[in-house]
Amino acid sequence: MRDADAGGAAGGADGQDGQGGHGYPGGGGTAAAVAGGAPPVARAPHTPGPGGDAVPAARRPRIQPHIFVLSVPFPTPLEAEIAHGSLAADAEPHQRVVGKDLTVSGSVLAVRWKAEDSRLLRISIINFLDQLSLVVQTMQRFGPPVSR
């Protein structure tokens with residue numbers, strides 16, 4: 001007598017279930033499919049393109065850009081505007097490949113990045129956070145702004 005843990009599932013994994021041991025209805029069920037291997041699957045024909053790729057470049061899906069959005073709340077709308085003015089003045093070093101938009105809505109500064117290169121996006125975000133930290137520390141040191 002065979003042990004089920006050793007591959008002898010109901011109906012057997014060696015094709016004795018009448019269905020080739022692939023776990024089809026009437027066969028050995030899931031245990032037989034696992035023990036006897038997966039059922040055969042038809043593969044799509046491989047037709048490499050000029051560069052050896054299976055899909056020609058014209059039909060390949062476009063790489064989606066990475067988008068990152070950050071919302072920074074401030075105690076007052078005036079402080080959000082001050083931060084916007086300070087941070088918007090810094091030009092993005094990789095303007096051609098990393099887009100960055102700053103907007104203020106009430107007391108929230110919103111920043112939106114868009115880039116195809118995740119490494120450059122990460123560098124831009126880190127640089128922005130360093131600058132933001134400096135702006136916030138400066139605002140805290142000098143106290144709340146006085147309305148004009």
Side-chain angles (χ1 to χ4, degrees), residues 4-7 9-11 13 15 17 19-148:
D5 291 334
D17 61 357
Q19 296 290 330
H22 294 297
Y24 295 114
T30 305
V34 172
V41 177
R43 297 185 116 188
H46 179 74
T47 53
D53 296 335
V55 179
R59 292 186 10 218
R60 203 175 294 148
R62 250 188 43 139
I63 295 174
Q64 296 294 321
H66 301 282
I67 297 174
F68 183 80
V69 177
L70 176 68
S71 296
V72 185
F74 284 89
T76 66
L78 180 57
E79 288 173 286
E81 287 291 342
I82 291 171
H84 178 269
S86 298
L87 295 165
D90 293 331
E92 180 63 41
H94 302 90
Q95 289 177 358
R96 295 172 51 146
V97 291
V98 178
K100 179 175 74 175
D101 297 315
L102 283 80
T103 57
V104 174
S105 177
S107 62
V108 176
L109 172 67
V111 189
R112 181 181 187 271
W113 285 269
K114 182 177 180 181
E116 289 188 13
D117 185 334
S118 60
R119 183 182 63 84
L120 292 177
L121 175 62
R122 180 178 51 85
I123 291 169
S124 177
I125 292 168
I126 290 170
N127 288 340
F128 176 83
L129 292 174
D130 286 342
Q131 293 298 317
L132 175 63
S133 175
L134 182 61
V135 168
V136 169
Q137 287 175 6
T138 302
M139 291 170 66
Q140 288 174 341
R141 176 157 287 160
F142 287 100
V146 179
S147 299
R148 297 175 195 175

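Note that the structure is a prediction, hence the values are computed from the model and not measured.
- Rounding to the nearest 0.5 Å gives a distance of 5.5 Å between CD1 of I125 and CH2 of W113.
- The ring-ring contact (aromatic ring centres under 6.0 Å, His included) test applied to F74 returns no partner, not counting sequence neighbours.
- Here the straight-line distance linking atom NZ of K100 with atom CG of L70 works out to 11.0 Å at 0.5 Å rounding.
- Of all non-hydrogen atoms in R112 and V69, the two that sit nearest each other are CG-CG2, 3.9 Å.
- The CD1 atom of I67 lies 10.0 Å from the CG atom of L121; values are rounded to the nearest 0.5 Å.
- Crowding of I63 atom CD1: a count of heavy atoms from other residues, nucleotides or ligands under 6.0 Å not exceeding 12.
- Between D117 and H66, the closest heavy-atom pair is C-CD2, 4.3 Å.
- The shortest distance between side-chain heavy atoms of V97 and L120 falls below 4.5 Å.
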For residues 130-141, run the donor-acceptor check on the side chains, cut-off 3.5 Å, and write out each pair with its distance to 0.1 Å, sequence neighbours left out.
unit_1	atom_1	unit_2	atom_2	d
S133	OG	Q137	NE2	3.4
T138	OG1	L134	O	2.8

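- Rounded to the nearest 0.5 angstrom, S124 OG and R119 CZ are separated by 12.0 Å.
- For T76, the side chain to side chain donor-acceptor pair (under 3.5 Å) partners at least two apart in sequence or on another chain are E79.
- Nearest heavy atom pair, residue S107 against residue P77, reads CB-N, 3.6 Å.
- Note that CG of L102 is 5.0 Å distant from CZ of F128, once rounded to the nearest 0.5 Å.
- Residues A80 and G106 share a closest heavy-atom pair of CB-O, 4.0 Å.
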